[in-house]
Amino acid sequence: MNKTKSEQLFEQSGKCIPGGVNSPVRAYQAVGSTPVFIERAKGSKIYDVDGREYIDYVCSWGPCILGHCDKGVIEAVKQACDKGLTFGAPTEAEYELAMLIKECMPSMEMTRLVSSGTEAVMSAVRVARGYTGRKKIVKFRGCYHGHSDGLLVKAGSGAMTQAVPDSAGVLEDFTKHTLIAEYNGEASVKELFEAEGEDIAAVIVEPAAANMGVVPPKEGFLQFLREITKKYGALLIFDEVITGFRLALGGAQEYYGVTPDLTTLGKIIGGGMPIGAYGGKREIMEVVAPIGPVYQAGTLSGNPVSTAAGIATLSALRQGGSRLYKELEEKGKKLAEAVKEAFGDRVWVNRAGSLLSVFFTGEKVTDYQSAACSDGEEYARYFHYLLKHGIYTAPSRFEAVFLSAAHSHEDLERTIEVIKRAGKEL
Ligand code: KE4
């Protein structure tokens, strides 16, 4: 049978790019088959190189909350490009974006822009250690915070809490100060603080986990983290690279009403252009170079094109306000209910705002363990059924479904129709 253009491209790109992709999840290893290569996108739709149209529920893993090719964002990017792509010097737009972030997320009194979520997290962790003078960082099993060495870890076989590298090339020297707790597991956090509390610089958490699939925080869990970090003099870092400006204009910290000391951002604040940001209390951020001893730098940090896209995106979200977020929430709820109705007890569906995940399991999914016990093969069949019928969802059960302001009532109805059929045929 003739190869599709995606298949040909995947074969060719595999010869000069590891796995034919520039980020592993795109290779479809968790669901099998060849990834579709995308040629263009508009609104809620993406189009592959073989001309097929899909309703897009990946939204580039979060940035495209307004939908693809939003008119205002594209116009802002074009205008910025016409004035020069990058200067390596301060610009007014960086100040404007930092002020816009602060207006929406008041805890971010001072912000540094960088070029990716990984860079934002790596820098925030360094700031936490530089500010507190302490070494240990607590993270949660199943949470992902980008690929900096100290956070590419898994629970060690011995002392469950001792982290060990979760990637070749990461040295134990870089992971020995990372401790691992269970998401939604207050006891595991208490145990770590009782043992090493005086040397814990920070706890970093996805306030609504979305990298083990979506696992919302149990009632009181975030407040518990806020209290225990305060008690021991550790910082609380909310990694809002996904949840920032997605769950609410003020992110998860507004949505759940818990205020961290530092926040990391990415994705939406760049509207699809490369960006990251970290920030928080002025007193903490004043340790950052050039005014403080914690070094961090970047050639394209705060570049004019990313900041233009970010300002246009956040301005549109602010303008849309609570109505826009209410609509996003309702779309997420409608989709989650449709999956549950179609598959019944075969699935557990978690949702946080307009983020959701489908787990093929009869059990509740409240942490990494229960997420990992869900059936990957059933998920793969579900993924391919949807793809075949023009619905582009996450190619891994450990990723989230993302909705956008561009998803129409018709898009949802069409998607629900396909999901209903999948529930009968799979
Ligand atoms: P980036 O370096 O990919 O911009 O951000 C890293 C990051 C940090 N924190 C959280 C909570 C994140 O979810 C991410 C990256 N998210 C993944 C999706 N699960 C990006 C997609 C990919 O890796 O290709």
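Both backbone and side-chain heavy atoms feed into the values below; hydrogens, waters and symmetry mates do not. Atoms within a ligand are numbered from 1 in the order they appear, just like the ligands themselves.
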In ligand 1, which numbered atoms sit nearer than 4.0 Å to a non-hydrogen atom of [X]?
X	result
S23	22 (C), 23 (O), 24 (O)
G146	6 (C), 7 (C), 8 (C)
W61	21 (C)
E399	18 (C), 19 (N)
I242	13 (O)
V25	24 (O)
E206	11 (C)

Decide yes or no for [X] and [Y]: does some side-chain heavy atom of the first lie under 4.5 Å from some side-chain heavy atom of the second?
X	Y	value
T361	F359	yes
R141	M212	no
Y57	T415	yes
C104	L314	no

Part of [X] with heavy atoms under 4.0 Å of ligand 1, whether side chain, backbone, both or neither:
X	value
R26	neither
H145	backbone
E119	neither

task = Report the C-alpha distance between E186 and K218 in whole Å, list the side-chain angles of each, state the deciding distance to 0.1 Å, and finish with yes or no for salt bridge (charged side-chain N to carboxylate O under 4.0 Å, His left out).
result = CA-CA 10 Å; E186 294 185 8; K218 274 181 182 161; over 6 Å; no
key: D48 and R40: CA distance, side-chain angles, deciding distance, salt bridge (charged side-chain N to carboxylate O under 4.0 Å, His left out) verdict   = CA-CA 7 Å; D48 73 16; R40 63 186 177 88; over 6 Å; no
inquiry  = Quick test of your reading of the structure: of N211, I275, T118, whose heavy atom lies closest to atom 19 (N) of ligand 1?
reply    = N211
task = For atom 4 (O) of ligand 1, state whether the nearest protein heavy atom is under 4.0 Å away.
result = yes
task = Please test E11 against K3 for salt bridge (charged side-chain N to carboxylate O under 4.0 Å, His left out), starting from the C-alpha separation and ending with a verdict.
result = CA-CA 10 Å; E11 217 169 277; K3 286 194 174 115; 3.1 Å; yes
note = Exactly one candidate in K326, K333, K334 meets side-chain hydrogen bond (donor to acceptor under 3.5 Å, both in side chains) with E330; the answer is K326
